[in-house]
Amino acid sequence: MQGILDNLKSLGWKRLSVLGGAGIAMVFAMFFGLSAVTTPDYVALYRDLSPAEAGRMVESLEQAGIRSRTDMAGTAVSVPGEDMARARMLLAGAGLPNDGTPGWEIFDEASGLGMNTFMQRVNRARAMEGELARSIQTIDGVEAARVHLVLPEREPFSRERPRPSASVIVRGSRQVGVRQARAIRSLVASAVPDLAPAQVTVLSATGETILSDDGEAGSEASLQSARAQIEDRLGQRIAQILSARVGAGNARVQVSVELTTERQVVREQTYDPEQRVVRSTETREETREDQSAARGEVGVADDIPAALAADVPGNNRNTANSTNEIVNYEIGGTSSETVREPGDIEKVSVAVLVNGIYNVQDGGSVDYEERSQEELQRLEALVQSAIGFDEARGDSVEVVSLRFMDYSMDVGEPVSRSFAQTLSENTGTILRGVFALALVAAVLALGVRPALNRVFDQPALADAGGADLPSLASSSANLPATSTAAASGGASAQGSGEPPVYQSGTVLDPLPPGVDEMVELAAVQGGVPRGLINTVSELIEREPEGAITVVRSWLAEGPNA
């Protein structure tokens, strides 16, 4: 121990400071290197979670011994990459994540103690709502859903049972269409006993009524649902036919439909005089005879019957015949009755915005060109055909070509990851790679290389047969003496006033003239002449293999040789 302290003291404060700094740096490098190597790569397990749900997931993972961490907002949970599959299976077994909507598992931990009829009905309704919401979320395009069920109980002494009803609110990645809403309605109506499809209302997260009770003709909800359905269907038709020409994403279509809100009954009756048909004919014939006395005569002739009056002289006889014919005609006509219920299309307005044409020039630049008026007219004709354009109804179609807004013109090109960001994100991987390379290099330099040198040097020495050893021994007169010989020689030189000597075998010879500069070495007491160091260097350069052999022989002899 004292020898170690003496050696450290002989180094001096500067060398000790450098050695201590290098040691501290090595310790820190090893610490951070090992921490970087042992730190696993975390990958996202689930995103867009509620903080409560994320907390339950982290608790389950920690109980299973799986390391996890969350982001600052508490909406994402990450685990090491090698534990991803095990973590998913563990959370699936625990029923996580369930988005805070319990299903039938609400009865798993419920006991019969303290459970009354009211609580059982409430839990049953909650379970049904949760299961229906989960099923609705599996529909393509639906991200979240909430279901509200009204399950009324029959009142005491009542013959009729109230009908249940339901309301569904859906939020999707895109607009939820009527086709999906009908599927949701059928699903809910089939899952709840005695629930008619007409009693299910489907709403969007933006507050629009997608489907409602169709039995209430003319209600605002039914009209809004019908208008949304028609606009959605016409918009899809127009976008589909335009995309074939202008390309996907290069057309924006907006359809506005006006529906009638009043019920109208129109009765019409028309007659055609040209269409005359005899319906009936009535003919009447009349014959009348009478006799009158001569003018100025007074007698009983007027009172005589007509059969006897004919023989009375001086009377006037009158006879009259008449024929009447009545013909009844049936005139052709048309009667019509038109009933217009609320919800009929009253007017359709379509606005279409199409992007221009981007032409790539020879130099690689992109030139924008507006679409020609002829092409816009042809596109307008296609749109009119797709919607069933009716000019008498007041329909309007407008097709305009304008350049779509390129957000890169305002905010610049999309920001890519810089070298510093990429380096910071992959620091752990880089450090692990560097540490592995350094470890391999150290093994090669300290273990493999000396072993290879020893393997390849021994055959060379065996082939040489030791022929070079005498010449090297003869030339070793210029090598520096051991520390003990140099110390004794230095002491005798200092005592006698003669210049220092070097050892050649067992004879001490004086130094060559002119070599008097001494070099202080930590392992040699009294110093070593610079000339001897230069001589040894030249000898090693001329005879490297022999020098290595001599040094190995010294090492084999040990410190007491």
Side-chain angles (χ1 to χ4, degrees), residues 140-141 172-182 204-210 220 223-262 264 338 340-416:
D140 185 22
S173 56
R174 58 180 182 272
Q175 184 178 3
V176 179
V178 179
R179 181 177 61 86
Q180 295 171 317
R182 292 187 182 276
S204 66
T206 57
E208 298 179 355
T209 302
I210 304 176
E220 181 64 25
L223 291 177
Q224 187 176 4
S225 174
R227 181 167 54 250
Q229 180 179 0
I230 296 173
E231 291 177 352
D232 184 47
R233 185 177 68 253
L234 294 179
Q236 290 180 0
R237 286 183 183 177
I238 299 172
Q240 184 178 5
I241 196 171
L242 290 180
S243 298
R245 169 58 186 170
V246 300
N250 288 326
R252 300 291 186 270
V253 181
Q254 290 293 333
V255 180
S256 177
V257 178
E258 295 182 7
L259 304 179
T260 58
T261 58
E262 298 179 354
Q264 298 179 357
T338 304
R340 300 184 62 183
E341 297 291 345
D344 290 345
I345 298 177
E346 195 172 45
K347 182 181 178 181
V348 179
S349 301
V350 181
V352 180
L353 177 64
V354 295
N355 198 5
I357 303 173
Y358 294 88
N359 299 318
V360 180
Q361 305 299 327
D362 296 337
S365 60
V366 179
D367 186 17
Y368 175 78
E369 179 184 357
E370 293 285 353
R371 297 185 183 272
S372 62
Q373 190 65 28
E374 179 181 0
E375 183 180 0
L376 293 179
Q377 292 177 358
R378 297 175 64 181
L379 293 177
E380 183 176 349
L382 287 175
V383 174
Q384 291 178 357
S385 301
I387 67 172
F389 182 80
D390 187 0
E391 187 176 0
R393 192 172 54 187
D395 297 349
S396 63
V397 175
E398 187 72 20
V399 180
V400 181
S401 175
L402 293 175
R403 184 175 184 177
F404 283 11
M405 181 62 185
D406 188 3
Y407 294 100
S408 62
M409 294 187 297
D410 291 341
V411 300
E413 296 296 330
V415 179
S416 59

In short, ring-ring contact (aromatic ring centres under 6.0 Å, His included) pairs touching residues 343-372 with sequence neighbours left out are Tyr358-Tyr368

With sequence neighbours excluded, tell me which residues meet ring-ring contact (aromatic ring centres under 6.0 Å, His included) with Phe389.
-> none

Go through the structure and list residues passing side-chain contact (heavy atoms from CB on, under 4.5 Å) with Gln240, not counting sequence neighbours.
-> none

Determine, step by step, whether Arg378 and Arg245 satisfy the side-chain contact (heavy atoms from CB on, under 4.5 Å) criterion, reporting the C-alpha distance in whole Å, the side-chain angles of both residues, the deciding distance to 0.1 Å, and the verdict.
-> CA-CA 11 Å; Arg378 297 175 64 181; Arg245 169 58 186 170; over 6 Å; no

Which pairs with one or both residues in residues 385-401 pass side-chain hydrogen bond (donor to acceptor under 3.5 Å, both in side chains), sequence neighbours excluded?
-> Ser349-Ser396, Glu370-Ser401, Arg393-Asp395

Side chains of Val255 and Ile387: closer than 4.5 Å at any heavy-atom pair?
-> no

Asn355 and Val246: side-chain contact (heavy atoms from CB on, under 4.5 Å), yes or no, with the steps?
-> CA-CA 8 Å; Asn355 198 5; Val246 300; over 6 Å; no

Could you tell me which non-hydrogen atom of Arg237 sits nearest to which non-hydrogen atom of Ala386, and how far apart they are?
-> NH1-O, 3.4 Å

Are any non-hydrogen side-chain atoms of Val176 and Ile210 less than 4.5 angstrom apart?
-> yes

Taking only residues two or more places apart in sequence or in another chain, which ones pass side-chain contact (heavy atoms from CB on, under 4.5 Å) with Leu402?
-> Leu353, Val400

Could you walk me through whether Leu234 and Val348 pass side-chain contact (heavy atoms from CB on, under 4.5 Å), step by step?
-> CA-CA 10 Å; Leu234 294 179; Val348 179; 4.2 Å; yes

Sorted by chain and residue number, the side chain to side chain donor-acceptor pair (under 3.5 Å) partners of Arg233 (sequence neighbours excluded) come out as none

Kindly say whether Glu258 contributes a backbone atom to a donor-acceptor pair with the side chain of Arg227 at under 3.5 angstrom?
-> no

Is there a side-chain contact between Val253 and Leu242, using heavy atoms and a 4.5 Å cut-off?
-> yes

Take atom CD of Gln254 as the centre, draw a 6.0 Å sphere, and report whether it contains more than 12 heavy atoms from other residues, nucleotides or ligands.
-> no

Can Leu259 and Ile230 be said to form a side-chain contact (heavy atoms from CB on, under 4.5 Å), step by step?
-> CA-CA 10 Å; Leu259 304 179; Ile230 296 173; 4.1 Å; yes

